[in-house]
**Q** 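For reference, the structure I am asking about is given below.
First listed ligand is number 1; within each ligand, the first listed atom is number 1.
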Amino acid sequence: MSQTSLFIGLTGGIGSGKTTVSQYLAKQGIEVLDADQISRQLTAPNGLAMDQIREVFGDTVITPENALDRDAMRTLVFSNPEVKQRLEQIIHPLVQQEMISQALRLHHSPYIIFDIPLLIESINRYRPLLNRICVVDCETEVQIERVKKRNGLSEQTIRQILQTQASRETRLLYADDVIYNGKGISLDKLQEQAYNFHIQWLNMKP
Ligand SMILES: CC(C)(COP(=O)(O)OP(=O)(O)OC[C@H]1O[C@@H](n2cnc3c(N)ncnc32)[C@H](O)[C@@H]1O)[C@@H](O)C(=O)NCCC(=O)NCCS
Ligand SMILES: Nc1ncnc2c1ncn2[C@@H]1O[C@H](COP(=O)(O)OP(=O)(O)OP(=O)(O)O)[C@@H](O)[C@H]1O
């Protein structure tokens with residue numbers, strides 16, 4: 001099977017607004033593949049990644065239902081670069097494989113959104129696959145406020161996560177398209193920008 005739709009990578013730091021944008025595009029009838037969601041499926045009870053995770057990390061990060069204990073793993077991952085790397089070595093190839101196989105089965109979407117939080121951190125893995133990269137850009141302070149409100153994580157934890165992610169500047173270097181969702185941007189303004197890109201992308205070929 002070969003590619004019939006334009007493949008667009010959508011990325012941004014934690015809490016930047018990627019999911020809000022991709023949910024809006026999904027409402028316009030566009031197919032969205034969500035790396036976080038696939039990663040959560042892989043680590044749900046008896047998920048495909050669970051055997052490898054148990055082998056590498058042991059039982060302490062696994063719940064009685066044979067799922068990933070996300071709180072335990074979050075604490076380890078964002079304080080220990082080696083743990084983060086070992087977990088990513090298990091999860092990322094499986095996520096990429098699943099995204100490609102899902103994308104190639106979709107033939108009726110004029111373009112497909114690949115919502116990938118760590119796209120820039122894994123640029124060599126994803127750049128060859130994508131026709132365009134769209135960055136949802138946002139100030140760090142705004143990200144912190146949003147994630148605090150949404151997940152109830154402490155500012156310290158959020159800052160730890162942010163430190164492991166690409167900087168705003170680095171992300172923007174790779175952007176073909178930028179949606180600004182920082183200070184002063186209402187949900188309506190965000191939607192308006194997403195709609196404008198939607199119209200442009202509808203008229204592009206892979
Ligand atoms: C560390 C884990 C257990 C925390 O789970 P939790 O439910 O709190 O977060 P969730 O998975 O919903 O991710 C939320 C956000 O955290 C950030 N994040 C997640 N993993 C990473 C990572 N490895 N490096 C940097 N940021 C990350 C991203 O901004 C992501 O959008 C989980 O994120 C995980 O398994 N991460 C490793 C897999 C991975 O890299 N996923 C990201 C895209 S595939
Ligand atoms: N312009 C905005 N105005 C108000 N709230 C917003 C705006 N953009 C996003 N939000 C809210 O901020 C939170 C984070 O947004 P969203 O989940 O879309 O980000 P994300 O980039 O997907 O985050 P993550 O990578 O952590 O999954 C959500 O609760 C969302 O409703």
**Q** For I185 and ligand 2, does the shortest N/O to N/O distance drop below 3.5 Å?
**A** yes

**Q** What I'd like to find out is whether the side chain of P45 reaches to under 4.5 Å of the side chain of N66, using heavy atoms alone.
**A** no

**Q** Looking only at distance, does G15 have an N or O less than 3.5 Å from an N or O of ligand 2?
**A** yes

**Q** Can you give the donor-acceptor pairs under 3.5 Å from side chains of residues 30-43 to other protein atoms, not counting sequence neighbours?
**A**
{"unit_1": "D34", "atom_1": "OD1", "unit_2": "D36", "atom_2": "N", "d": "2.9"}
{"unit_1": "D34", "atom_1": "OD1", "unit_2": "Q37", "atom_2": "N", "d": "3.1"}
{"unit_1": "T43", "atom_1": "OG1", "unit_2": "S39", "atom_2": "O", "d": "2.9"}
{"unit_1": "T43", "atom_1": "OG1", "unit_2": "R40", "atom_2": "O", "d": "3.3"}
{"unit_1": "T43", "atom_1": "OG1", "unit_2": "R70", "atom_2": "NH1", "d": "3.1"}

**Q** Give the atoms of ligand 2, by number and element, whose distance to some non-hydrogen atom of G13 is under 4.0 Å.
**A** 21 (O)

**Q** Below 3.5 angstrom, do we get any N/O pair linking G17 and ligand 2?
**A** yes

**Q** Do you know the tightest heavy-atom contact between A103 and I112?
**A** O-CD1, 3.8 Å

**Q** Compile the protein residues with any heavy atom at a distance under 4.0 Å from an atom of ligand 1; present them by chain, then by number.
**A** I14, A35, D36, S39, R40, L68, R70, M73, R74, F78, K84, L87, E88, I91, H92, P117, L118, T164, Q165

**Q** So, R74 and D71, do they make that salt bridge, N to O below 4.0 Å?
**A** yes

**Q** Within ligand 2, which atoms have a heavy atom of T20 less than 4.0 Å away?
**A** 9 (C), 15 (O), 16 (P), 18 (O), 30 (C)

**Q** Taking only heavy atoms of S186 into account, list the atoms of ligand 2 that are under 4.0 Å away from them.
**A** 1 (N)

**Q** Which is closest to atom 9 (C) of ligand 2 by heavy-atom distance: K183, R146, Q193?
**A** R146

**Q** Classify the contact between S16 and ligand 2 as side chain, backbone, both or neither, using a heavy-atom distance cut-off of under 4.0 Å.
**A** both

